[in-house]
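So you know, we letter chains A, B, ... as the sequences are listed, proteins then strands, and number each from 1. Given the structure is predicted, the values throughout are model-derived calculations rather than measurements.
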Amino acid sequence: MDTVKNILSTSFSLALARAYPTICDADAMIQLAKQPQFGDYQANFAMVMAKRIKQAPYDVARRVVQQLGTSDVWDKLEIAGPGFINISLSDAFLQTRLQLLLSDNRLGIPLSTSPQVVVVDYSGANVAKEMHVGHLRSSIIGDTIARVLDFQGHRVTRQNHVGDWGTQFGMLIEYMIQTKQQDTATRQITELNALYKQAKQKFDVDEDFATRARARVVALQGDDKQTTEIWKGLVAISKEHFNDIFTRLGIGLRDEHIRGESFYNDRLADLTQELEHDALARVDQGALVVELEGFIDRDDNPLPLLVRKSDGGYLYATTDLAAAKFRIEVLGADRIVYVTDARQAQHFAMVFAVLDKAGWVSEQVSLEHVSFGSMLGKDKKPFKTRSGEMISLASLLDEASERAARVLRDKNSDLSSTEVVTLASNIGVAALKYADLKTERIKDYMFSWERMIAFEGNTAPYLLNAYVRILSVFRKGCLTLQEVVEAGGRIVITNGRERELAIRLLELPDVVETLGKELLPHRLCNYLYALASTYHRFYEACPVLLADTIELQHSRLALSALTAQSLKQGLELLGIHTVDKM
RNA sequence: GUCCCGGUAGCUCAGUCGGAUAGAGCAACGGCCUUCUAAGCCGUCGGUCGGGGGUUCGAAUCCCUCCCGGGACACCA
């Protein structure tokens, strides 16, 4: 099924080609009307076109409108201002389209005509450490991107590139052995977290320990039995912890998506040798580096990418190169999306540049750093505890539930205490995720419990409530959402509120299509908020169960059902589950 | 010092490829429940779009420059 915008674009492009056969690359520039008095959609090409061919914009618009003639899609085309074409969609078209959506479980969201293999790299927590707020945004944003691309029919491979290798594990394992705490069978992630901190402290002050820790890294790399056993134990405990957090957060990452740094370990030597052999890398001050253009260090010297330390060890850049190579060559990636914070922008720019220079990535493969800003507290400083520590996701989730429960008890006394607990955990997580997704991801975002858990404004509770309210109407009429959808009532547009809602419902496919390209989840959030507000206005003005005629009742039930499904599907793409009452 | 990202209403944020009179929410104030969840709706108030130049029929959006804030910049990840 094609989207409304695409239908209009196609018609206008054809008319443009007929009106101006010599110009073949003109875009009709179709968009939603900015103001209600400008119709439903508008075409803005005439001004741009007029400049190119040196004619009056109004004349260009008129010539194209003549070519367009009449159509079932619109019942009015008006040229306004300098040359805007205002499009009023016909009620018949709206009704037909809505009817199609009602019988389509994809709500008109098209499957990609050119599905790609897309690797989405997100979350990336560290083994032997608790997941904390530093992992939250990547997990939430990455999961949404994976869900959207997946729904569009792309072959999505989720990759959790966990930090499970490197000097810190030598340090931790050595400390565990020295303090006779190497038994990992019954240990909790919080204990490992504490041991890690102790080990780090000792490492910084105790030279002898630091030396032994470094030797332990060599032992780990050399497959030493005792060391490897402990390491495996650490990984196992961490996986359990990740799964626990992901389950609570509703993040679609499991064991099979974990491919940590250790996985690429035995590819690094070959990779650096290949770079050296092809004369792309050279030894500088003992380290192996790849020279790049356009990167300057703080002393104005050219900045190369370091791929092997002077002590022979490898760096995360080396691992990232190996991972990208693996994803392209073995996983067959057409597109690789890295969901990490904005501070790593230069790192990825350099890694991408080396991949390109080495010829490991063809022009058909797109590499994208989907970056995001930091989480800030109310003081506009990084969001941490009072003592300056990272807040664990476990405690963050606990607080989200508690706060949601408090609001629920406050607002609705009809809920049983077990219902409150179940609902609160869902609503708390929804609020947490939605607050993160609703601002443009590149900007830093200010974390505020009060704002995210509020039931007013552009928040998850507001959207969930709109959904619940629709179900409540159905319940009052002794119907379920499923029954209303299956009944497929004939939709008729009889007033402005119904029309406004209809136009909004038909927009969802375009929003998702754009999201798949731009990977900006806040656009979907803004759409869902607009949809919920539009429904609330409809709800105020248009009685559903008490509509004047049975036909009107069926039509409004169908509009309500489409709204409920759109909200549910939209939220699902954001990784948020709806609730049936609240 | 070089580069990257931000700066829009008191606060938090939208603003799509350069399009029409810059929009929401919160806060403040005023209305609307014998009728499907008032967790809602309607209204009022609120702007030199960081400053200054430029390009254009048209600039929050593009270019230049300056100011402010954040970040990155070789052997950590």
Subject >> Sugar-phosphate, base or nothing in reach of A/T439, heavy atoms under 4.0 Å >> reply: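 The residue A/T439 makes sugar-phosphate contact but no base contact.
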
Original post:
How is A/D311 classified with respect to the nucleic acid when contacts are heavy atoms under 4.0 Å: base, sugar-phosphate, or nothing?
Top reply: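 Nothing, no heavy atom under 4.0 Å.
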
Please tabulate, for the side chains in residues 536-550 of chain A, all donor-acceptor contacts under 3.5 angstrom to protein atoms that are two or more places apart in sequence or on a different chain.
residue	atom	partner	partner atom	Å
A/H536	ND1	A/Y462	OH	2.9
A/H536	ND1	A/A532	O	3.4
A/R537	NE	A/E500	OE2	3.4
A/R537	NH2	A/E500	OE2	3.1
A/T549	OG1	A/L552	N	3.0

Between the base of [N] and the side chain of [X], is there a donor-acceptor distance below 3.5 Å?
X      : N      : value
A/K51  : B/rG58 : yes
A/N86  : B/rA20 : yes
A/D284 : B/rA74 : yes

Subject >> With sequence neighbours excluded, residues passing side chain to side chain contact (heavy atoms under 4.5 Å, CB included) with A/Q35 >> reply: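 Per chain and number, A/Q35 pairs via side chain to side chain contact (heavy atoms under 4.5 Å, CB included) with A/Q37, A/F38.
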
Original post:
Would you find more than 12 non-hydrogen atoms of other residues, nucleotides or ligands less than 6.0 Å from A/K581 atom NZ?
Top reply: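 Open: at most 12 neighbouring heavy atoms sit under 6.0 Å from NZ of A/K581.
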
Original post:
From B/rG7, B/rC41, B/rA74, pick the nucleotide closest to the side chain of A/K443?
Top reply: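 Out of B/rG7, B/rC41, B/rA74, the nucleotide with an atom closest to A/K443's side chain is B/rG7.
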
Subject >> Under 4.0 angstrom between A/R343 side-chain N/O and B/rC5 OP1 or OP2 >> reply: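 Result: no.
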
Subject >> A/K380 side-chain N/O to B/rG7 phosphate OP1/OP2 under 4.0 Å >> reply: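 So the side chain of A/K380 is outside the cut-off, no N or O lying under 4.0 Å from OP1 or OP2 of B/rG7.
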
Original post:
Pairing of RNA chain B as dot-bracket, 5' to 3': ( ) intra-strand, [ ] crossing, | other strand, . unpaired, with Watson-Crick or G-U pairs under 3.5 Å?
Top reply: (((((((..((((.....[...)))).(((((.......))))).....(((((..]....))))))))))))....

